[in-house]
Number of protein chains: 2
Amino acid sequence: MKPTVHDIARSAGVSLATVDRVLNGRPGVRSVTREKVEQAIVALGYVRDLAAANLAKGRTYSFCFVLPANDNSFMIRLREEVEDAIRRSAPERARIEIVEVPAFDAAALVTALDAIRDQGADGVALVAVDAPEVRAAVERLTQAGIAVVTLVSDLGASSRDHYAGIDNSAAGRTAANLMGRFLSKVDGRVAILAGSMLVRDHRERLEGFLSVLGEEFPRVAILPVIEARDDPALVETMVREALRRHPDIAGIYSLGAGNRGLIRVLKEKGTASRPVVIAHELTASTREALQGDLIDAVLNQDPGHEVRSAIRVLKAKADGLPVLAAQERIRIDIFLKDNLP
Amino acid sequence: MKPTVHDIARSAGVSLATVDRVLNGRPGVRSVTREKVEQAIVALGYVRDLAAANLAKGRTYSFCFVLPANDNSFMIRLREEVEDAIRRSAPERARIEIVEVPAFDAAALVTALDAIRDQGADGVALVAVDAPEVRAAVERLTQAGIAVVTLVSDLGASSRDHYAGIDNSAAGRTAANLMGRFLSKVDGRVAILAGSMLVRDHRERLEGFLSVLGEEFPRVAILPVIEARDDPALVETMVREALRRHPDIAGIYSLGAGNRGLIRVLKEKGTASRPVVIAHELTASTREALQGDLIDAVLNQDPGHEVRSAIRVLKAKADGLPVLAAQERIRIDIFLKDNLP
DNA sequence: CTGAAAGCGCTTACAG
DNA sequence: CTGAAAGCGCTTACAG
């Protein structure tokens with residue numbers, strides 16, 4: 001039988017309360033007593049039953065997800081995944097709330113984070129806007145003992161406990177590698193479509209893409225980055241304009257959201273004469289475009305995994321437990337039309 | 001406050017024991033009583049605390065992993081992941097055992113499965129050899145109320161509860177798509193390297209590869225499949241021989257294991273004059289080959305995810321709980337040298 | 001600094 | 001068919 005606190009108490013000749021004090025590193029135990037208990041613990045090979053502990057504590061976790069009120073498909077999915085988690089969280093003694101803030105708005109994000117700190121919570125997950133004032137607000141949260149996980153987009157050099165998202169620089173490099181190999185002519189021109197350089201994920205993808213393309217496919221020319229705020233309508237206009245001005249565009253790397261707009265333009269061009277296209281995030285529209293041969297590859301991050309991972313990490317932090325790095329690494333999915341889930 | 005069994009008992013005017021009987025669908029409750037309780041349950045919006053239930057039951061899960069005694073890197077990793085899980089399983093009231101059986105040996109697998117059924121267990125995970133007698137043994141397990149999960153390689157049309165592995169047909173199709181696009185000449189010759197046609201995963205990869213290559217890259221010629229039993233030494237000999245007989249091989253798809261042998265041959269040829277190579281499973285050697293430009297892409301399944309997923313599913317089945325399909329889908333990782341983890 | 005007792009939410013003999 | 005009581009492994013006031 002697995003040893004319990006009773007076994008330790010008996011073996012060390014102390015009471016349950018004392019065992020508990022030692023187990024939880026609480027003060028008020030003479031060091032001789034503490035040592036006796038510690039010896040019993042290793043001698044018996046005791047490992048504590050966390051479920052029982054949490055039950056006794058009546059512990060219920062309280063987490064908050066701060067999400068941008070962005071209406072692109074990816075953010076909508078992300079919100080749905082959090083809502084699903086909320087539905088499942090009832091039996092797991094966790095209370096999860098969603099707070100929406102305007103997209104790409106550091107000030108609003110800071111206000112929301114400070115409000116959470118004032119209310120109190122065990123942990124916060126946020127899609128970070130990469131700005132000094134956000135860094136400072138996160139610092140205030142961690143100072144207050146609240147665990148912080150960045151979601152989807154990270155915050156550079158901050159005190160957040162964990163980042164639940166993909167390596168965006170690797171994603172950019174991967175996109176460049178595929179783009180270079182998929183281009184039929186070695187010396188085409190490539191257009192890059194981004195949302196905003198205010199968020200770190202877009203900046204990192206861009207950087208990664210440019211570096212690999214520059215090193216390994218030096219004859220490919222790159223047009224100035226098109227910044228379309230992840231807005232389908234704006235994307236559509238700007239891509240149309242770019243293709244008009246540069247009819248020889250051989251490839252498009254869409255590293256942000258709003259791909260619906262891009263796909264409308266591609267559809268007009270037709271499968272045969274469209275450029276090579278690599279986009280991010282598998283949504284209803286990119287999936288359809290992949291199947292309809294309008295897009296060549298989609299790099300994806302799984303919002304369900306990100307949300308579940310963020311919650312697992314917040315729980316582990318709240319319990320003071322280590323996180324299983326391998327389990328929490330969010331992978332870059334590469335989808336061709338052949339491996340769509 | 002979340003309602004508990006006490007609240008239901010009070011609200012329905014019955015005892016805890018009766019509430020428990022209704023909750024767990026146990027017999028011996030008059031239907032009037034049962035209905036009173038059921039009404040209270042919905043009225044209060046009760047949801048049971050599984051952790052507390054398991055604690056009270058003193059439930060401890062007993063699972064068994066049946067793994068092939070294969071010494072390729074992938075199987076070694078898989079075993080290590082199970083061992084890690086065993087280490088972590090102590091606090092989670094689960095007892096997990098590993099049983100080793102000779103690789104590609106249906107009879108030995110059947111013997112092992114029947115032994116487990118006789119001993120008793122809550123669930124079994126096995127790397128299936130796709131044979132009728134294995135199917136029958138699995139049937140006997142599920143008949144005995146033991147949950148069965150196939151791991152890495154599935155068992156066609158069987159009564160297994162779940163498959164924790166990738167879609168191998170999609171993996172083969174994806175490999176073909178990449179191969180077709182990566183080949184510099186549209187009309188090269190491609191060699192295929194497999195382990196054994198006795199395991200379903202290899203057969204499915206082959207099928208998927210051939211179908212996409214045939215449809216989308218019809219001018220690519222395919223050489224007869226080389227079957228090398230996942231054995232590095234054998235792989236080395238056979239690949240060397242193939243390259244000697246067909247010096248014009250432009251691509252190699254290695255859909256099984258034993259890639260160390262393949263990589264030795266590639267190293268001799270040198271980065272510049274080697275064929276396009278797509279392989280499976282990220283191991284120390286394929287990783288190094290990817291970084292050293294000896295391999296172009298590696299399709300991977302994450303053994304850690306597969307093992308953890310198998311355990312989650314076995315637990316859910318043992319508890320009679322639904323599995324979260326989205327969470328348990330094992331993805332095909334595509335690694336280029338740019339997105340290595 | 002230490003311990004006896006009650007309790008977390010559920011289940012399980014046992015008695016009636 | 002139904003209920004009172006004890007217990008799962010841990011924690012928490014409270015008393016000393």
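Chain A is the first sequence line, chain B the second, and so forth, proteins listed ahead of strands; every chain is numbered from 1.
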| Under the criterion side chain to side chain contact (heavy atoms under 4.5 Å, CB included), which of Thr142(B), Leu314(B), Ile146(B) is the partner of Val124(B)? | Ile146(B)
| How close or far is atom P of dC10(D) from atom CD1 of Ile8(A), stated in whole angstroms? | 7 Å
| said: Closer than 3.5 angstrom, by distance alone: can the side chain of Asp319(B) be matched with the main-chain N or O of Ala316(B) as a donor-acceptor pair? | reply: no
| task | Please check if any side-chain donor atom of Thr150(B) sits under 3.5 Å from a side-chain acceptor atom of Asp154(B), or the reverse. | result | yes
| field | Asp122(A) and Phe63(A), any side-chain heavy atoms less than 4.5 Å apart | value | yes
| said: Measuring only between side-chain heavy atoms, which start at C-beta, is Glu306(B) closer than 4.5 Å to Val152(B)? | reply: yes
| message | Under 4.0 Å, counting only non-hydrogen atoms across every strand here, what does Val14(A) touch: a base, just sugar-phosphate, or nothing? | response | sugar-phosphate
| note | d(Asp84(A) CG, Arg308(A) CZ) to nearest 0.5 Å is 8.5 Å
| request: Identify the residue among Val101(B), Val127(B), Ile98(B), Leu151(B) that makes a side chain to side chain contact (heavy atoms under 4.5 Å, CB included) with Val66(B). | output: Val101(B)
| Which heavy-atom pair separates Gln327(A) from His305(B) by the least distance, and what is that distance? | O-NE2, 4.2 Å
| task | Mind listing the residues from residues 22-35 of chain B sitting with a heavy atom below 4.0 Å of DNA chain D? Number order is fine. | result | Gly28(B), Val29(B), Arg30(B), Thr33(B)
| remark: Here the pair of heavy atoms bringing Pro3(A) nearest to Leu44(A) is CG-O, 3.3 Å
| field | Donor-acceptor pair between Asn300(B) and Arg331(B) side chains, under 3.5 angstrom | value | no
| field | Asn54(A) CG to dC8(D) C1', straight-line distance once rounded to whole Å | value | 15 Å
| Which dot-bracket string describes DNA chain C (Watson-Crick N1-N3 plus N6-O4 or O6-N4, or G-U N1-O2 and O6-N3, all under 3.5 Å; [ ] crossing; | other strand)? | |||.||||||||.|||
| query | Is the side chain of Arg329(A) donor-acceptor paired with the backbone N or O of Pro341(B) at a distance under 3.5 Å, no angle test? | reply | no
| Between dG7(C) atom C1' and Leu16(A) atom CG, what is the distance in whole Å? | 13 Å
| query | Counting only side-chain N and O atoms of Ser15(A), is one of them less than 4.0 Å from OP1 or OP2 of dG3(C)? | reply | yes
Are there any protein N/O atoms within less than 3.5 Å of an N/O atom in nucleotides 13-16 of chain C, and if so, which ones and at what distance?
none

| field | Nearest-Å distance for atom pair NE2/P, residues His6(A) and dA4(C) | value | 11 Å
| message | On DNA chain D, does the nearest nucleotide to Thr18(B) precede the nearest nucleotide to Ala56(B) from the 5' side, or the other way round? Give the residue. | response | Thr18(B)
| Which whole-number value in Å describes the distance from Arg10(B) CZ to dG9(C) C1'? | 13 Å
| request: Quickly work out the Leu50(A) CG to dG9(C) P distance and round it to whole Å. | output: 17 Å
| query | Could you state the CG-P distance from Leu55(B) to dT11(C), rounded to the nearest angstrom? | reply | 11 Å
| query | How long is the line joining CG of Asp49(B) and P of dC8(D), in whole Å? | reply | 18 Å
